[in-house]
Amino acid sequence: EAQVTQNPRYLITVTGKKLTVTCSQNMNHEYMSWYRQDPGLGLRQIYYSMNVEVTDKGDVPEGYKVSRKEKRNFPLILESPSPNQTSLYFCASSLSGQGADTQYFGPGTRLTVL
Amino acid sequence: DQQVKQNSPSLSVQEGRISILNCDYTNSMFDYFLWYKKYPAEGPTFLISISSIKDKNEDGRFTVFLNKSAKHLSLHIVPSQPGDSAVYFCAASDAGGTSYGKLTFGQGTILTVHP
C-alpha cells in the first residue's frame, strides 16, 4: 500500500530535550515536506526537500532541522524544543515537487512540549 | 499575512442538501488550487484541484469553481452525505513558478452533515 508513515504519532516532552520525528514514504517520491498545523493558521510549511541531500526552508523553519540522506526518509529534528513548537506535524511527499503534483500526507504527529 | 483565507470556521448542512465551502486568496502568482479533506487523527487527503486556466472542475459529487478576477474559489458538494463530515482545507500553489511544491493552506472549515 502506497503510504507516508510518521513516528511517533504522539509525543510529550520537556523543553530542551532533543527529539526526532521520522517520516518515510514508499512511493519513490522525490519531493518531501514537513508542515505544522496550528488552530486558526492552517498548515504551514517548515522545510522541504527536492531530492536526496537537497533541502530548503519553508515559511516557519526556526527551531527545526531536517536531513535527506535517503530518498524514502525525511526526519524532522528539534534540537532544543520549546513550548511554542507544541503543534500537530505532518509529513508529505509528491512525485516531483511541481506545484500540480498531488501531495500525500502522513497521519500526523501530535507534539506537546512542556 | 494569510494569503489563503477560509472565513467560515464551520458549516452545518442537512444530508442531501448542497454544501458550499469558500476560499479567498490574495497572491496573484497562485495558479493551481486544491481542496484537501481531513478526518480526525488522519492526515489531509487530496480531494479535487483546479488550474487557473479553468473556471470549473467536476469530480462526482464534488465541483470546484474558480473566479480569478475575484480571487475566490468554492467547493460544492452535492448531495452532501454524513461521511463528508470533516475539515476541508483550501490550498494554493505557484505551479509554474519556483515555489517547489509548496502549498499555502487556508485555516480550514469544519463541515458537519446531519442525517
Side-chain angles (χ1 to χ4, degrees), chain A residues 2-10 21 23-25 27 29-51 54-61 68 74 88-110, chain B residues 1-10 21 23-27 29-54 57 59 64 86-110:
Chain A
Q3 59 182 350
V4 178
T5 56
Q6 296 179 225
N7 282 293
R9 294 289 313 274
Y10 302 90
V21 183
C23 172
S24 183
Q25 50 91 7
M27 296 170 278
H29 284 170
E30 292 186 353
Y31 182 90
M32 298 185 74
S33 178
W34 276 101
Y35 293 86
R36 60 178 287 174
Q37 182 190 351
D38 300 291
L41 296 175
L43 284 79
R44 294 176 294 166
Q45 190 181 57
I46 303 170
Y47 267 95
Y48 67 92
S49 170
M50 293 296 291
N51 213 323
V54 181
T55 64
D56 207 347
K57 298 176 181 178
D59 290 327
V60 287
R68 187 90 181 273
F74 190 43
L88 180 56
Y89 291 86
F90 292 102
C91 180
S93 74
S94 67
L95 189 61
S96 68
Q98 292 183 18
D101 275 353
T102 298
Q103 290 198 23
Y104 297 86
F105 284 80
T109 295
R110 185 166 292 280
Chain B
D1 176 30
Q2 195 83 20
Q3 297 186 61
V4 177
K5 294 183 181 179
Q6 294 174 255
N7 292 317
S8 297
S10 62
L21 295 92
C23 179
D24 297 295
Y25 62 97
T26 57
N27 189 339
M29 297 301 293
F30 290 147
D31 57 4
Y32 197 75
F33 305 90
L34 310 91
W35 286 93
Y36 278 80
K37 176 177 172 180
K38 184 184 176 307
Y39 292 118
E42 294 182 13
T45 56
F46 171 75
L47 187 58
I48 192 169
S49 62
I50 187 167
S51 164
S52 61
I53 63 173
K54 294 185 174 182
N57 189 27
D59 183 2
V64 56
V87 180
Y88 289 78
F89 288 100
C90 170
S93 76
D94 174 13
T98 59
S99 62
Y100 300 122
K102 174 183 157 184
L103 294 176
T104 301
F105 284 86
Q107 307 95 312
T109 296
I110 301 170

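Labels below follow one simple rule: chain letters A, B, ... track the order of the sequence lines, proteins then strands, and each chain is numbered from 1.
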Please check if the number of heavy atoms outside R44(A) that lie under 6.0 Å from its CZ is greater than 12.
yes
Counting only heavy atoms closer than 4.5 Å, note whether D59(A) contacts chain B via side chain, backbone, both or neither.
side chain
Could you tell me which portion of K5(B) (side chain, backbone, both or neither) has an atom closer than 4.5 angstrom to a non-hydrogen atom of chain A?
neither
Residue Y36(B) versus chain A: region with a heavy atom under 4.5 Å:
side chain
Can you see which heavy atom on L41(A) is nearest to which on Q2(B), and at what distance?
O-NE2, 3.7 Å
Looking only at non-hydrogen atoms, find the nearest pair between Y10(A) and A41(B) and report the distance.
OH-CB, 4.5 Å
Which atom names give the shortest non-hydrogen contact between F89(B) and G42(A), and what distance separates them?
CE2-CA, 4.1 Å
Is it the side chain or the backbone of E42(B) that comes within 4.5 Å of chain A heavy atoms, both, or neither?
backbone
Applying a strict 4.5 Å limit to non-hydrogen atoms, the region of Q6(A) in contact with chain B is neither
Test side chain to side chain contact (heavy atoms under 4.5 Å, CB included) applied to T45(B) - qualifying residues, sequence neighbours left out:
K37(B)
Could you pull out all residues at least two apart from S33(A) that satisfy side-chain hydrogen bond (donor to acceptor under 3.5 Å, both in side chains)?
Q45(A)
T102(A) and F46(B) have their tightest heavy-atom pair at CG2-CB, 3.7 Å
